[in-house]
Amino acid sequence: MHPNILRTMLSAFAWREIEKGEYWLLSNLNIRCWEGDHSKYTALIALPGLVLWGLVLPALILSFTLKNRRNLDDPGIKARYGFLLLGYASTSFYWEFVIQYRKLLFAFVLVFVIQEKSSVQALWAEFILIISIAAQISYKPYSEYHLNKIETVSILTSLVTLYSGIIFLDGNLNGYVEGIL
């Protein structure tokens, strides 16, 4: 739910200049940006929602878990915040927030880099994934070996898929290579 809310809030800021000085909302090209309802929606709902859901709420929960990191096995805290901590090593109780902010970065790339070619979007996504896989390998945040392995393979699969997509979108491939990709 969190990434979808963020993507919805961010979409209010995704526009395209169709004619010089005329900006239209990408999600609905019938809406002219920064005029009338769009300005009200952006100022009253999208921006506060983005700040609340993307920055404040995760930061508050992270600060609470940091403050109580020595008591995370307490039944009351586990009942309330266990869904954020389950599966992680005790030293990596914060890792769910790393993943949330990674998703936020992906949402930013999807919304704000849409003006560029899709290969530029894919390169930004690859950059995020390279940092993610390096962090995953370095920290090994999960309590079980196989969970760390699955996460590493998952990120690596995303990297290979994006890389193949960039090559495929280039269009300068023979039929055999295109079929493989």
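Below, all heavy atoms of this structure are taken into account, side chains as well, without hydrogens, waters or symmetry copies. As the structure is a computational prediction, the values presented were derived from the model and not from experiment.
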Novice: Taking atom CZ of F97 and atom CG of L62, what is their separation to the nearest 0.5 Å?
Specialist: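 So the gap between those two atoms works out to 5.0 Å.
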Novice: With no hydrogens and no angle check, is any side-chain donor or acceptor of S11 less than 3.5 Å from a backbone partner on T8?
Specialist: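 Here the side-chain-to-backbone pair exists.
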Novice: Working to the nearest 0.5 Å, report the span between OG1 of T42 and CE of M9.
Specialist: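 It is 10.5 Å, given to the nearest 0.5 Å.
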Novice: Closest approach of R102 and I128, non-hydrogen atoms and distance?
Specialist: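 Nearest pair, atom of R102 first, then I128: CG-CG2, 3.8 Å.
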Novice: Among V160, T161, I166, find the residue that satisfies the side-chain contact (heavy atoms from CB on, under 4.5 Å) test when tested with S164.
Specialist: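 Running side-chain contact (heavy atoms from CB on, under 4.5 Å) over V160, T161, I166 with S164 returns exactly one hit, V160.
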Novice: Can you get from I99 to W53 by hopping between Ile, Leu, Val, Met, Phe, Trp and Tyr side chains that sit under 4.5 Å apart?
Specialist: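 The answer is yes; both residues are in one hydrophobic cluster.
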Novice: Could you go through L29 and I18, starting from their C-alpha distance and side-chain angles, then the distance that decides it, and tell me whether this counts as side-chain contact (heavy atoms from CB on, under 4.5 Å)?
Specialist: CA-CA 10 Å; L29 291 173; I18 295 180; 4.3 Å; yes
Novice: Report yes if some heavy atom in the side chain of M1 is under 4.5 Å from a heavy atom in the side chain of I5; otherwise report no.
Specialist: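 Yes, their side chains come closer than 4.5 Å.
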Novice: Do Y142 and F83 belong to the same hydrophobic cluster, where Ile, Leu, Val, Met, Phe, Trp and Tyr are linked whenever their side-chain heavy atoms lie under 4.5 Å apart, directly or via other members?
Specialist: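 Both belong to a single hydrophobic cluster.
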Novice: Please walk me through it: do K149 and T152 pass side-chain contact (heavy atoms from CB on, under 4.5 Å)?
Specialist: CA-CA 5 Å; K149 192 77 165 171; T152 302; 5.7 Å; no
Novice: For the residue pair S90 and L72, establish whether any side-chain heavy-atom pair is separated by less than 4.5 Å.
Specialist: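 Answer no - side chains too far apart.
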Novice: I'd like to know if the side chain of S143 and the backbone of A89 have a donor-acceptor N/O pair within less than 3.5 Å.
Specialist: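 Judged by distance alone, no pair lies under 3.5 Å.
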Novice: When hydrophobic residues are tied together by side-chain contacts of less than 4.5 Å, even through go-betweens, does I31 share a cluster with W34?
Specialist: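 Looking at the clustering, W34 is in a separate group from I31.
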Novice: Check for a donor-acceptor pair, side chain of S63 on one end and backbone N or O of L60 on the other, with a separation under 3.5 Å.
Specialist: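 It does hold such a pair.
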Novice: Out of curiosity, L50 CG to L55 CG, how far, rounded to the nearest 0.5 Å?
Specialist: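 L50 CG to L55 CG: 6.5 Å, rounded to 0.5 Å.
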Novice: Is the shortest side-chain heavy-atom distance between Q100 and L84 below 4.5 Å?
Specialist: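 Heavy-atom side-chain distance check passes, below 4.5 Å.
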Novice: On a heavy-atom basis, which atom in A43 and which in P48 lie closest, and how many Å separate them?
Specialist: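 In terms of heavy atoms, the two residues are closest at O-CD, 3.3 Å.
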Novice: In sequence, state the C-alpha distance, the side-chain angles, and the governing distance for E96 and K103, and then conclude on salt bridge (charged side-chain N to carboxylate O under 4.0 Å, His left out).
Specialist: CA-CA 11 Å; E96 185 63 31; K103 290 176 183 179; 5.2 Å; no
Novice: Is there a chain of hydrophobic side chains (I, L, V, M, F, W, Y, each step under 4.5 Å between heavy atoms) that links L10 to L52?
Specialist: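 As far as the 4.5 Å side-chain criterion goes, L52 and L10 are connected within one cluster.
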Novice: Looking at CG of L85 and CZ of R69, how far apart are the two atoms once the value is rounded to the nearest 0.5 Å?
Specialist: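 One gets 13.0 Å once the value is rounded to the nearest 0.5 Å.
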Novice: Any chance you could lay out the side-chain contact (heavy atoms from CB on, under 4.5 Å) test for L25 and H38, step after step, and finish with the verdict?
Specialist: CA-CA 9 Å; L25 196 62; H38 179 262; 3.7 Å; yes
Novice: Could you state the interatomic distance from CG (L159) to CG (L129), rounded to the nearest 0.5 Å?
Specialist: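 Reported value, rounded in 0.5 Å steps: 4.5 Å.
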Novice: Crowded around L86 CG? As in, over 12 foreign heavy atoms under 6.0 Å?
Specialist: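 No, because the 6.0 Å sphere around CG of L86 holds 12 heavy atoms or fewer from other groups.
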Novice: Can you confirm whether more than 12 heavy atoms, excluding those of Y41, are under 6.0 Å from its OH atom?
Specialist: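 Count over threshold, so yes.
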Novice: Just do the ring-ring contact (aromatic ring centres under 6.0 Å, His included) check on W95 and Y139 with the steps written out, would you?
Specialist: CA-CA 9 Å; W95 201 258; Y139 291 98; 5.6 Å; yes
Novice: So W24 and R32, side-chain contact (heavy atoms from CB on, under 4.5 Å) or not? Walk me through it.
Specialist: CA-CA 4 Å; W24 300 86; R32 194 172 189 163; 3.6 Å; yes
Novice: Identify the heavy atoms of L162 and A125 that sit nearest to each other, and give their distance.
Specialist: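 So the minimum-distance heavy-atom pair works out to CD1-CB, 3.6 Å.
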Novice: State plainly whether one hydrophobic cluster holds both F64 and I61, where clusters connect Ile, Leu, Val, Met, Phe, Trp and Tyr through side-chain heavy atoms under 4.5 angstrom apart.
Specialist: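 Linked, F64 and I61 end up in one cluster.
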Novice: Could you grab the distance from atom OG of S132 to atom CG of L156, nearest 0.5 Å is fine?
Specialist: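 Nearest 0.5 Å value for the OG-CG distance: 12.5 Å.
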Novice: More than 12 heavy atoms of other residues, nucleotides or ligands under 6.0 Å from OH of Y163: is that the case?
Specialist: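 Open: at most 12 neighbouring heavy atoms sit under 6.0 Å from OH of Y163.
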